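Excluded from the calculations below are hydrogen atoms, water molecules and symmetry mates; all remaining heavy atoms, backbone and side chain alike, are included. Here the structure is a predicted model, which means the values were calculated and not measured.
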Amino acid sequence: NPSAGDSDANFVTNAKAGKLDYAYTKNIADVKALEGVGGLTIDTVNVRYTRLLYMNKFNKEDGSPAPLADQRVRQAIAYALDMQAILDGVFEGAALPANSLTPDGPDKVDGLNDYAYDPEKARALLAEANWDPNTELDVVYYYTDQMTQDLMAIIQQYLADVGIKMNARLVDGDLATILWKAPEDPVNGPSAVTWDMCYAANAALSLHEYYDRYRTGSPTNSHTPEDAKLNELIDATNASPKMEEQIAAFKELSKYENESMFTMALYYQPIFLITSDRIGDIKKANPQFNYDWDIQNWTVG
């Protein structure tokens, strides 16, 4: 197994000292620190890694409706965020705005709404939904890096501009329970978790891993009440062993995702592959996926 650099505090130091020949990371700050370092090559590898906001649409424990139950409110949040400006500022352009869980590529349907930054449209949708400006959304995250903290602060500013309050808080401990505990009643709730939005990532080896968790009855579905159309679309992606039929079904599912905003994909983050000149010209692909590295023919020297 190759070593990921994300959690290695000495990643940059070791790479600059010539102690590293092959590694990968999603840490933008480390990549920027290694740019221009002699003897190292940095390649961008597109992978199925989507950062998103999970939207909790179950009624609260006291029976009151979820603030995000109305589709128009979820759409308003999407219009309220200038994701391109956010990514340029926080990630220095090293991430791509998302309009679906499905990353860009041949498996993705054309014509999705990009929800281009439109605060007036956001305010209009909130007015239609009778949004209460005194409502404060509880937003949780579990990443401890500075970029995540900066991102939460920026999102808070954008939402405040259209009249949505939010409080962002770091959670730790038993995340499986805090974030993903499903209600005892997966159809009607109430919610078994306390948050309104959860900032997280989905690293998927298949498109099924992106979407199956939203189906009614999924053990990690802490956020999406029964939706007959959504269940039908998810079932269609699992109905055939033929890849072309699965992809066609995923495209229909992506359309519904994009319209109903049952979840909110924010951006796609690539992996950065760092290799030293010591190993020369090697076959490069997604290091988190099975492929023929041809490693037996690497020459290190």
note = Heavy-atom nearest pair, Thr50 first then Ala265, reads CG2-CB, 3.9 Å

query = Do Thr237 and Tyr211 have side-chain N/O donor and acceptor atoms under 3.5 Å apart?
reply = no

key: Quiz item: cation-pi between Lys26 and Tyr49, 6.0 Å / 45°   = yes

key: Greater than 12 external heavy atoms within 6.0 Å of Lys121's NZ   = no

Asp277 and Thr41, any side-chain heavy atoms less than 4.5 Å apart = yes

query = Do we see a donor-acceptor contact under 3.5 Å between the side chains of Gln157 and Asp161?
reply = no

request  = Report yes or no: does Ser64 contribute a side-chain atom to a donor-acceptor pair with the main-chain N or O of Lys60 at less than 3.5 Å?
outcome  = no

ask   = Going hydrophobic residue to hydrophobic residue with side-chain gaps under 4.5 angstrom, can you get from Ile234 over to Val187?
value = no

task = Give a yes or no on whether Gln146 atom CD has more than 12 heavy-atom contacts from other residues, nucleotides or ligands under 6.0 Å away.
result = yes

query = With the 4.5 Å side-chain cut-off for hydrophobic clustering, are Leu112 and Leu87 part of the same group?
reply = no

query = Do you know which two heavy atoms are closest between Ala182 and Pro219, and how far apart they sit?
reply = CB-O, 3.8 Å

Side chain Arg72, main chain Glu128, donor-acceptor under 3.5 Å = yes

remark   = Here the pair of heavy atoms bringing Tyr268 nearest to Ala98 is CZ-CB, 3.4 Å

Residues in side-chain hydrogen bond (donor to acceptor under 3.5 Å, both in side chains) contact with Glu252, at least two apart in sequence or another chain = Lys255

Gln246 side chain vs Ser240 backbone, donor-acceptor pair below 3.5 Å = yes

request  = For the pair Arg48 and Asp107, find out whether any cationic side-chain nitrogen is under 4.0 Å from an anionic carboxylate oxygen.
outcome  = yes

query = Of Asp292, Asp294, Asp43, which is the lone residue that meets salt bridge (charged side-chain N to carboxylate O under 4.0 Å, His left out) with Lys284?
reply = Asp43

request  = Indicate whether any N or O donor in one side chain lies under 3.5 Å from an N or O acceptor in the other, for Asn56 and Ser191.
outcome  = yes

query = How about Leu101 and Tyr214: do any of their side-chain heavy atoms sit closer than 4.5 Å?
reply = yes

query = How close do Ser222 and Pro183 get, heavy atom to heavy atom, and via which atoms?
reply = CA-CD, 4.3 Å

message = Quick check on Lys108: does its NZ atom have over 12 non-hydrogen neighbours (other residues, nucleotides or ligands) under 6.0 Å away?
response = yes

ask   = Is Leu96 reachable from Ile154 through a run of I, L, V, M, F, W or Y residues, each pair having side-chain heavy atoms under 4.5 Å apart?
value = no

ask   = Where is the tightest heavy-atom contact between Met264 and Ala78, given as atom of each residue plus distance?
value = CE-N, 3.7 Å

Under 3.5 Å side-chain donor-acceptor pair for Lys283 and Asn297 = no

message = Name the residue from Phe262, Trp195, Trp180 that meets the ring pair (Phe, Tyr, Trp, His ring centres under 6.0 Å) definition with Tyr54.
response = Trp180

inquiry  = Can you see whether Asp174 engages Thr177 through a side-chain donor-acceptor pair at a distance of less than 3.5 angstrom?
reply    = yes

task = Compute whether any side-chain donor of one residue and acceptor of the other, for Asn113 and Tyr79, lie under 3.5 angstrom apart.
result = yes

ask   = Can you name the nearest heavy-atom pair linking Asp21 to Arg278, along with the distance?
value = OD1-NE, 2.8 Å

task = Under the salt bridge (charged side-chain N to carboxylate O under 4.0 Å, His left out) rule, what do Asp110 and Lys251 come out as? Steps first, then yes or no, please.
result = CA-CA 9 Å; Asp110 294 328; Lys251 289 183 176 181; over 6 Å; no

ask   = What residues, two or more places apart in sequence or in another chain, satisfy side-chain hydrogen bond (donor to acceptor under 3.5 Å, both in side chains) together with Asp82?
value = none

inquiry  = If we ignore hydrogens and angles and just use 3.5 Å, is the side chain of Asn221 paired with the main-chain N or O of His223 as donor and acceptor?
reply    = yes

ask   = Hey, any chance Met83 and Tyr115 share a hydrophobic cluster, counting ILVMFWY side chains that come within less than 4.5 Å of each other, even indirectly?
value = yes

query = Can you tell me if Asp114 uses its side chain to pair, donor with acceptor, with the backbone of Ala116 under 3.5 Å?
reply = no

ask   = So, for Phe91 and Tyr267, is the gap between ring centers shorter than 6.0 Å?
value = yes

request  = State, without any angle test, whether Thr148 and Asp145 hold a side-chain donor-acceptor pair at a distance under 3.5 Å.
outcome  = yes

query = Does one hydrophobic cluster hold both Leu230 and Val109, with members joined at side-chain heavy-atom distances below 4.5 Å?
reply = no

query = So, Gln75 side chain and Leu125 main chain: donor-acceptor pair closer than 3.5 Å or not?
reply = no

